[in-house]
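Every chain is numbered from 1 and lettered A, B, ... according to where its sequence line falls, protein lines coming before strand lines. Heavy atoms only: backbone and side chains are in, while hydrogens, waters and symmetry mates are out.
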2 protein chains.
Amino acid sequence: MCLDKSTGLKKKRKYYKVQEYIKKNIQQGIYPIGSYLPSEHEICKQFDITRTTARKALDELLKEGFIEKEHGKGSKVLERSKSLGLLTVKGFTEAANHKVKTIMLLEPKIDNWSSSIAFPLKQDEVHANCVYFQRLRYINNKPIMLEHNWYAEEALELLKPDDFIEGSFFKTLSQKYFIEIKGSKQELRAEPANKEVANNLGLEEGQAVLHISICFKTSNPALNLYSELYCNTSEFPIRNSYFL
Amino acid sequence: MCLDKSTGLKKKRKYYKVQEYIKKNIQQGIYPIGSYLPSEHEICKQFDITRTTARKALDELLKEGFIEKEHGKGSKVLERSKSLGLLTVKGFTEAANHKVKTIMLLEPKIDNWSSSIAFPLKQDEVHANCVYFQRLRYINNKPIMLEHNWYAEEALELLKPDDFIEGSFFKTLSQKYFIEIKGSKQELRAEPANKEVANNLGLEEGQAVLHISICFKTSNPALNLYSELYCNTSEFPIRNSYFL
DNA sequence: AAGTGGTCTAGACCACGCG
DNA sequence: GCGTGGTCTAGACCACTTT
């Protein structure tokens, strides 16, 4: 399949260098969200390549959700979180009318890997130090989602709360470490709330909550993020879209 | 964007004709699942086109999940349901060890559009006749999911139970009508089971169930499938994967 | 009319899988 | 070694958007 795990870059593949160059410029804000990239013809000149190669680079960025193309106008830089197709709380992304707030309940600290993680850990992770942090997310000042998160310290380092760019873990990964989310596996269960969940979400014990287990894969093969989420979906259901 | 709604095919676009030709051959089983398509060079000769155009056609089929490419070997026909990325009950797709069964509780019949459909109907649909059917899905002889389904009769016709190929609505659409699922919107809620759901799934009233509302879009712009699903996730959680 | 992305041609060489 | 898909060149013309 000609994959490159950040290890063995195969020969040739000019388009990949162009793609990574443009991606970095987007991540660093040199090509800001909403702006247009240089035209395909200009990219050809800049890198001394043909249209085919330039278009291949842009097509990859399109697939990865960094840009969209507009016929007759150009390639526009997108806010990447929009296109990931991950489950999102209605309102967390389309939050025009909603006030969203995130409280860090437990700051990132070294801890033991929890048995409540739903997905099996990789070999390297089991023997690595584990960073754990816990957050509570609000919509309109109502607590909606309790979040437990784990990752291997070896893969990233221990983030301080101040490190979180605009309170977002993923934005921090992208803009500070140039690491992108490449995919996720999820499991969903409807469960009665236990005491901890009920207390945090302001519910009665035993009320139905949505339990989402996620393993996020990133462009760094050593780094996965494991999350266990508990959501009150009565007012804000979880949404997901998928389009070819 | 140069879309074609099965109406106005734009000029040129040779690759699209090739793509549709191959797709039809897959849907009709002329290129069976697991087999390899003719090589890119052969396709070039067959249609008198260049590699670029042939590859574009195959790339589209790749995106749509009909094939996968194997460097040095060829393009292999895939079982399409695998690649849709839609929410699926763990076991319904990877059911090697599980016995899956589907019972039709209410055969397709003309009915009124229900107010329990979570997504807004299109203009045309509101004024069209509504086809409704209800199914109960089992894993290992335990009822796991109660299914309500609606679609507009104008868009498809009233299916008889015998029409369902291998009990699958989507397989029927693909193989009999050449209609493919192009995407979906979903909303998920954890809810207490009402009496109907509890009775069908063998639960106590009030136990937590996962309520999934789906609007499936198809390659026929007039045809959407609306589904309201109620799942017992205690033994078989719902799974979802997403990869770039 | 000028500039953008979309499609297409007619080649070439490279990397992978297999016998 | 041969056939497969992967990358790339150097052009051409078309369709869409904006001025």
Student: Parallel under 30°, tilted from 30 to 60°, perpendicular over 60°: which one fits the rings of A:Phe169 and A:Tyr151?
Tutor: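 Plane angle between 30° and 60°, so tilted.
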Student: It should be established whether B:Lys56 places a side-chain nitrogen or oxygen under 4.0 Å from OP1 or OP2 of nucleotide C:dT7.
Tutor: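 Yes, because at least one side-chain N or O of B:Lys56 sits under 4.0 Å from OP1 or OP2 of C:dT7.
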Student: Would you kindly give the NZ-to-C1' distance between A:Lys76 and C:dG5, to the nearest whole Å?
Tutor: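 The answer, rounded to whole Å, is 15 Å.
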Student: Ignoring hydrogens and angles, write down the donor-acceptor pairs under 3.5 Å from the side chains of residues 21-33 of chain B, residues two or more places apart or on other chains.
Tutor:
from    : atom 1 : to       : atom 2 : distance (Å)
B:Lys23 : NZ     : B:Glu20  : OE2    : 3.2
B:Lys23 : NZ     : B:Glu64  : OE1    : 2.9
B:Gln27 : NE2    : B:Glu180 : OE2    : 2.2

Student: If you restrict it to nitrogen or oxygen atoms, what contacts under 3.5 Å exist between nucleotides 9-11 of chain D and the protein, and what is each distance?
Tutor:
from  : atom 1 : to      : atom 2 : distance (Å)
D:dT9 : OP1    : A:Lys14 : NZ     : 2.6
D:dT9 : OP2    : A:Thr50 : N      : 3.1
D:dT9 : OP2    : A:Thr50 : OG1    : 3.0
D:dT9 : OP2    : A:Thr53 : OG1    : 2.8

Student: Give, ordered by number, those residues of residues 32-40 of chain A having at least one heavy-atom distance below 4.0 Å to an atom of DNA chain C; if nothing qualifies, reply none.
Tutor: A:Ser39, A:Glu40
Student: Mind checking what makes side-chain hydrogen bond (donor to acceptor under 3.5 Å, both in side chains) contact with A:Thr172, not counting sequence neighbours?
Tutor: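 So A:Thr172 forms no side-chain hydrogen bond (donor to acceptor under 3.5 Å, both in side chains) with any residue.
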Student: How many whole angstroms separate atom CD1 of A:Ile43 from atom P of C:dT4?
Tutor: 11 Å
Student: For A:His71 and D:dC16, give me the distance from atom NE2 to atom P, rounded to whole Å.
Tutor: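 To the nearest whole Å, that distance equals 7 Å.
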Student: Counting only side-chain N and O atoms of A:Arg55, is one of them less than 4.0 Å from OP1 or OP2 of C:dG5?
Tutor: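 Answer is no, no contact under 4.0 Å.
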Student: Going by the rule side-chain hydrogen bond (donor to acceptor under 3.5 Å, both in side chains), which residues pair with B:Lys171 if we only count those two or more places apart in sequence or in a different chain?
Tutor: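 In terms of side-chain hydrogen bond (donor to acceptor under 3.5 Å, both in side chains), with neighbours along the sequence ignored, B:Lys171 is linked to B:Glu166.
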Student: Verify the contact: side-chain N or O of A:Lys73 to OP1 or OP2 of D:dC16, cut-off strictly under 4.0 Å; return yes or no.
Tutor: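 No.
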Student: For B:Glu157, enumerate each residue passing the side-chain hydrogen bond (donor to acceptor under 3.5 Å, both in side chains) test, keeping only those at least two apart in sequence or located in another chain.
Tutor: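 Result, side-chain hydrogen bond (donor to acceptor under 3.5 Å, both in side chains) vs B:Glu157: B:Tyr177.
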Student: Listed by chain and number, what are the side-chain contact (heavy atoms from CB on, under 4.5 Å) partners of B:Cys44, not counting sequence neighbours?
Tutor: B:Arg51, B:Ala54
Student: Would B:Glu125 and B:Tyr226 count as having a side-chain donor-acceptor pair, cut-off 3.5 Å?
Tutor: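 Note: B:Glu125 and B:Tyr226 side chains meet the donor-acceptor criterion.
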Student: Nearest to the side chain of A:Arg13, which nucleotide is it out of C:dT4, D:dT7, C:dC16?
Tutor: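 For the A:Arg13 side chain, the nearest candidate turns out to be D:dT7.
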Student: Rounded to whole Å, how long is the line connecting atom CD of A:Gln19 with atom P of D:dC8?
Tutor: 11 Å
Student: Please report the distance, rounded to the nearest Å, between CG in B:Asp59 and P in C:dG6.
Tutor: 14 Å
Student: For B:Tyr36, give me all partners under side-chain contact (heavy atoms from CB on, under 4.5 Å), at least two apart in sequence or on another chain.
Tutor: B:Glu70, B:Lys73, B:Lys76
Student: Specify the residue among A:Gly72 and A:Tyr15 whose closest nucleotide of DNA chain D lies further upstream toward the 5′ end.
Tutor: A:Tyr15
Student: With sequence neighbours excluded, tell me which residues meet side-chain hydrogen bond (donor to acceptor under 3.5 Å, both in side chains) with A:Asp59.
Tutor: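 With sequence neighbours excluded, A:Asp59 shows a side-chain hydrogen bond (donor to acceptor under 3.5 Å, both in side chains) to A:Lys69, given in chain and number order.
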Student: Atom NE2 of B:His41 and atom P of D:dG6: how far apart are they, to the nearest Å?
Tutor: 11 Å
